[in-house]
Amino acid sequence: EIAPGMAFGTGTHPTTSLCVQLIETGLKPGESFLDIGTGSGILMVAAGKIGAGRMCGVDRDELAVRIAAENLGRNGIGPDRFHLLQGSLAAPVQGRFDVVAANILTQVVLELLEDVPRVLEPGGIFICSGIIAEDKDLVVGRMTAMGFGIIDVLLKEGWVAIAGRLNRV
């Protein structure tokens, strides 16, 4: 159950469904999960339903952070299972996570990639979407150059989601 309020993310957009698919295959019960640009918190809800352990979401919009907390509660995910932060991309995040997701635009994904290794466990999975099909090779190329092994690339209605495993520290 998602009430988006003023935050982005109702679950109907192709990028959201692609991310959820990759989270379902990449996140194992008990693993930690970070959602960068959490919006309505829908990816955190999905991760929580799959059985994620420690979860964190970050968004630059204070309203989005509040709505994400409400949506997590609405879906039976208690505040003891998650932490929400307001800030830009991964900047306010401390610690490392087994799976990191970002459903944002291509240029923001490319900017974020520089900071992902700081918040992703070695061997962890980074899932990104919000990428138009024409930008797929650009993002895959950057991820590969940074030491990610590409696990999966999904395409739906002109949008792409990519999952990669961090092969180096």
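Here, residue 1 is the first one in the sequence, and each next residue gets the next number.
- The closest side-chain heavy-atom distance from Arg96 to Pro122 is below 4.5 Å.
- Take Ala133 and apply the side chain to side chain contact (heavy atoms under 4.5 Å, CB included) test, not counting sequence neighbours, and it matches Leu155, Val160.
- A donor-acceptor distance shorter than 3.5 angstrom exists from the side chain of Ser32 to the backbone of Asp98, with no hydrogens or angles considered.
- Between Met146 and Glu114, the closest side-chain pair of non-hydrogen atoms falls below 4.5 Å.
- What you find for Val20 and Ala46 is that their closest heavy atoms are CG2-CB, 4.1 Å.
- Side-chain contact between Leu72 and Val45 is present, with at least one heavy-atom pair separated by less than 4.5 Å.
- Of the inter-residue distances, the one linking Thr106 atom OG1 with Lys136 atom NZ reads 12.5 Å to the nearest 0.5 angstrom.
- Among residues two or more places apart in sequence or in another chain, the side chain to side chain contact (heavy atoms under 4.5 Å, CB included) test is passed with Asp115 by Ala90, Arg118.
- Take Ala52 and apply the side chain to side chain contact (heavy atoms under 4.5 Å, CB included) test, not counting sequence neighbours, and it matches Leu27, Phe33, Ala47, Met55.
- Ser129 and Cys19 get closest at one heavy-atom pair: CB-SG, 3.4 Å.
- Listed for the Asp59 side chain is a donor-acceptor partner under 3.5 Å among the backbone atoms of Gly39.
- Between atom CG of residue Leu138 and atom CG of residue Leu110 there is a gap of 5.0 Å, rounded to the nearest 0.5 Å.
- Closest heavy-atom contact between Ile162 and Ile131: CD1-CD1, 4.0 Å.
- When all heavy atoms of Asn71 and Asn75 are compared, the pair lying nearest together is O-ND2, 2.8 Å.
- Under 4.0 Å is where a charged nitrogen must lie from a carboxylate oxygen, and between Glu62 and Arg66 no such pair does.
- Atom CD of residue Glu31 and atom CD1 of residue Ile23 lie 12.0 Å apart, to the nearest 0.5 angstrom.
- Checked options Val100, Leu22, Ile36; the residue passing with Phe126 is Val100 (criterion: side chain to side chain contact (heavy atoms under 4.5 Å, CB included)).
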- [ ] Determine, stepwise, if the pair Arg142 / Glu111 fulfils salt bridge (Lys or Arg N to Asp or Glu O under 4.0 Å).
- [x] CA-CA 10 Å; Arg142 178 78 59 89; Glu111 178 185 335; over 6 Å; no
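- Residues Ile125 and Arg165 are in side-chain contact: their nearest non-hydrogen atoms beyond the backbone lie under 4.5 Å apart.
- Put simply, CD1 on Ile151 and OG1 on Thr25 are 8.0 Å apart, with the number rounded to the nearest 0.5 Å.
- Between the OG1 atom of Thr38 and the CD1 atom of Ile104 there is a distance of 11.0 Å, given to the nearest 0.5 Å.
- Counting only distance, with no hydrogens or angles, the side chain of Gln86 and the backbone of Arg60 share a donor-acceptor pair below 3.5 Å.
- Atoms CG and CG, on Leu43 and Asp35 in that order, are 4.5 Å from each other to the nearest 0.5 Å.
- Between Cys56 and Leu85, the shortest heavy-atom contact is SG-CD1, 3.8 Å.
- Here the side chains of Phe148 and Leu120 are in contact, with some heavy-atom distance below 4.5 Å.
- In terms of heavy atoms, Cys128 sits closest to Met143 at SG-SD, 4.0 Å.
- Residues Leu89 and Val58 have side chains not in contact (no heavy-atom distance under 4.5 Å, counting atoms from C-beta outward).
- Side-chain contact between Ile77 and Met44 is absent, with no heavy-atom pair separated by less than 4.5 Å.
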